[in-house]
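Step one of this worksheet: look at the structure below.
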Amino acid sequence: QGMCIIRRLHKKFYYLLPVIALMAFVVCMSGYMRQKESAPQKELKAKVRRIVYEVWNKGNTDVIDELYSTEVVLQSTSSKYINGLEANIRRLENRRILYPDIEFTINEMIVKGNTVMLLWACKGTQTGQLPTSSVKPTYKHFRLTGCCFFHFEEEKVVEEWEIYDRLTLMQQLGYKLVPPKQNDNN
């Protein structure tokens, strides 16, 4: 009679065994795929968050020497190389002059070794003018996305790559793309 009960249970749950095994496999794999970040990765992300929220959004350049190396090199799609901490501070201050209400948000951060990839979005209005520029404010609002790569050495950013679509920014500010004049010799 005891074997009869086991056979009946076996028949009832026979088809559930593969489902239970599959569910156990999925649970195990999801834990494997969702690996925890290491403490150094969390620290690097925290530093990048400070750069975005304190330096970029609030314009607080007092904390920049805590986050950037004095020999930092910035490479951007919008300008030539910017070398050194002081030049980087001037660049950030100029950005705040041109776009005083600029606000960045973090969409994603990925850490690989000592490098953090930041996917960001920003919005603002061009209401300022640089003292050395004849370009007048447009008072136009813009929205933009881009990404940055921050490479760290000894807990500080030594290299930053900034990539965004400058043409889209200029068009949103009201600038027009004018094709070059045709040469009669062509």
Side-chain angles (χ1 to χ4, degrees), residues 37-175 177:
E37 288 183 332
S38 67
Q41 288 175 322
K42 287 180 183 179
E43 288 175 26
L44 293 180
K45 281 185 172 183
K47 287 176 188 268
V48 170
R49 272 190 206 89
R50 283 190 72 199
I51 290 169
V52 172
Y53 295 125
E54 290 183 43
V55 180
W56 292 0
N57 284 353
K58 294 179 182 173
N60 182 5
T61 55
D62 293 338
V63 298
I64 208 165
D65 60 336
E66 297 174 33
L67 302 167
Y68 286 88
S69 163
T70 56
E71 305 299 317
V72 65
V73 175
L74 172 75
Q75 301 175 53
S76 175
T77 54
S78 68
S79 62
K80 59 184 186 266
Y81 290 97
I82 296 174
N83 294 307
L85 193 59
E86 292 304 316
N88 194 25
I89 290 172
R90 279 193 306 281
R91 175 189 70 94
L92 293 166
E93 289 171 342
N94 287 342
R95 180 190 289 166
R96 300 289 308 171
I97 290 169
L98 290 171
Y99 318 109
D101 65 341
I102 195 165
E103 181 182 351
F104 287 83
T105 55
I106 296 172
N107 291 341
E108 182 72 47
M109 280 195 285
I110 300 171
V111 180
K112 177 81 173 175
N114 287 339
T115 302
V116 178
M117 189 282 297
L118 166 70
L119 180 61
W120 52 261
C122 75
K123 61 183 179 178
T125 313
Q126 186 201 9
T127 59
Q129 179 179 357
L130 295 176
T132 58
S133 175
S134 62
V135 177
K136 302 285 184 208
T138 63
Y139 301 99
K140 294 194 182 250
H141 188 74
F142 68 90
R143 289 186 177 275
L144 196 60
T145 58
C147 68
C148 288
F149 294 86
F150 298 89
H151 184 70
F152 287 83
E153 286 180 12
E154 298 178 10
E155 313 264 330
K156 293 190 177 190
V157 177
V158 293
E159 189 173 16
E160 178 181 337
W161 286 76
E162 180 181 72
I163 304 164
Y164 66 94
D165 183 0
R166 187 175 173 99
L167 178 60
T168 297
L169 173 63
M170 294 292 107
Q171 288 174 330
Q172 288 181 51
L173 295 178
Y175 294 95
L177 183 63

Roughly how far, to the nearest 0.5 Å, is [atom2] of [Y] from [atom1] of [X]?
| X | Y | atom1 | atom2 | answer |
| --- | --- | --- | --- | --- |
| Asp65 | Thr70 | CG | OG1 | 10.0 Å |
| Leu173 | Gln126 | CG | CD | 5.0 Å |
| Glu159 | Tyr68 | CD | OH | 12.0 Å |
| Leu119 | Thr105 | CG | OG1 | 9.0 Å |
| Leu167 | Tyr175 | CG | OH | 13.0 Å |
| Ile82 | Glu160 | CD1 | CD | 9.0 Å |

Do you know which two heavy atoms are closest between [X] and [Y], and how far apart they sit?
| X | Y | result |
| --- | --- | --- |
| Leu144 | Asp165 | CD1-O, 3.7 Å |
| Val111 | Val116 | CG2-CG2, 4.0 Å |
| Tyr164 | Gly146 | CB-CA, 4.1 Å |
| Leu44 | Gly113 | CD1-O, 3.8 Å |
| Cys147 | Met117 | CB-SD, 4.3 Å |
| Cys148 | Trp120 | SG-NE1, 3.4 Å |

**OP:** List the steps, then state whether side-chain contact (heavy atoms from CB on, under 4.5 Å) holds for Asn57 with Ile102.
**Re:** CA-CA 7 Å; Asn57 284 353; Ile102 195 165; 5.6 Å; no
Is the shortest side-chain heavy-atom distance between [X] and [Y] below 4.5 Å?
| X | Y | result |
| --- | --- | --- |
| Phe152 | Val48 | yes |
| Lys58 | Val55 | no |
| Glu93 | Ile89 | yes |
| Thr127 | Asp101 | no |
| Val135 | Gln129 | no |
| Met109 | Arg49 | yes |

**OP:** Under the side-chain contact (heavy atoms from CB on, under 4.5 Å) rule, what do Val158 and Val72 come out as? Steps first, then yes or no, please.
**Re:** CA-CA 4 Å; Val158 293; Val72 65; 5.7 Å; no
Original post:
Side chains of Arg91 and Asn94: is there a donor and an acceptor less than 3.5 Å apart?
Top reply: no
**OP:** Under the salt bridge (Lys or Arg N to Asp or Glu O under 4.0 Å) rule, what do Arg50 and Glu66 come out as? Steps first, then yes or no, please.
**Re:** CA-CA 10 Å; Arg50 283 190 72 199; Glu66 297 174 33; 3.1 Å; yes
Original post:
Given Arg95 and Glu162, is the salt bridge (Lys or Arg N to Asp or Glu O under 4.0 Å) satisfied, shown in steps?
Top reply: CA-CA 14 Å; Arg95 180 190 289 166; Glu162 180 181 72; 2.8 Å; yes
**OP:** Quick one: do Val157 and His151 satisfy side-chain contact (heavy atoms from CB on, under 4.5 Å)? Show the steps, please.
**Re:** CA-CA 6 Å; Val157 177; His151 184 70; over 6 Å; no
Subject >> Sub-6.0 Å ring centroid separation between Phe142 and Tyr99 >> reply: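 Under 6.0 Å, so yes.
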Original post:
Take atom CD in Glu155; do more than 12 heavy atoms of anything else shown fall under 6.0 Å from it?
Top reply: no
Subject >> Over 12 foreign heavy atoms within 6.0 Å of CD, Glu71 >> reply: no
Original post:
Does Gln172 reach the main-chain N or O of Arg143 with its side chain, forming a donor-acceptor pair under 3.5 Å?
Top reply: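 Looks like yes, one N/O pair under 3.5 Å.
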**OP:** Spell out, as yes or no, whether a donor-acceptor pair under 3.5 Å connects the side chain of Arg96 to the backbone of Trp56.
**Re:** yes
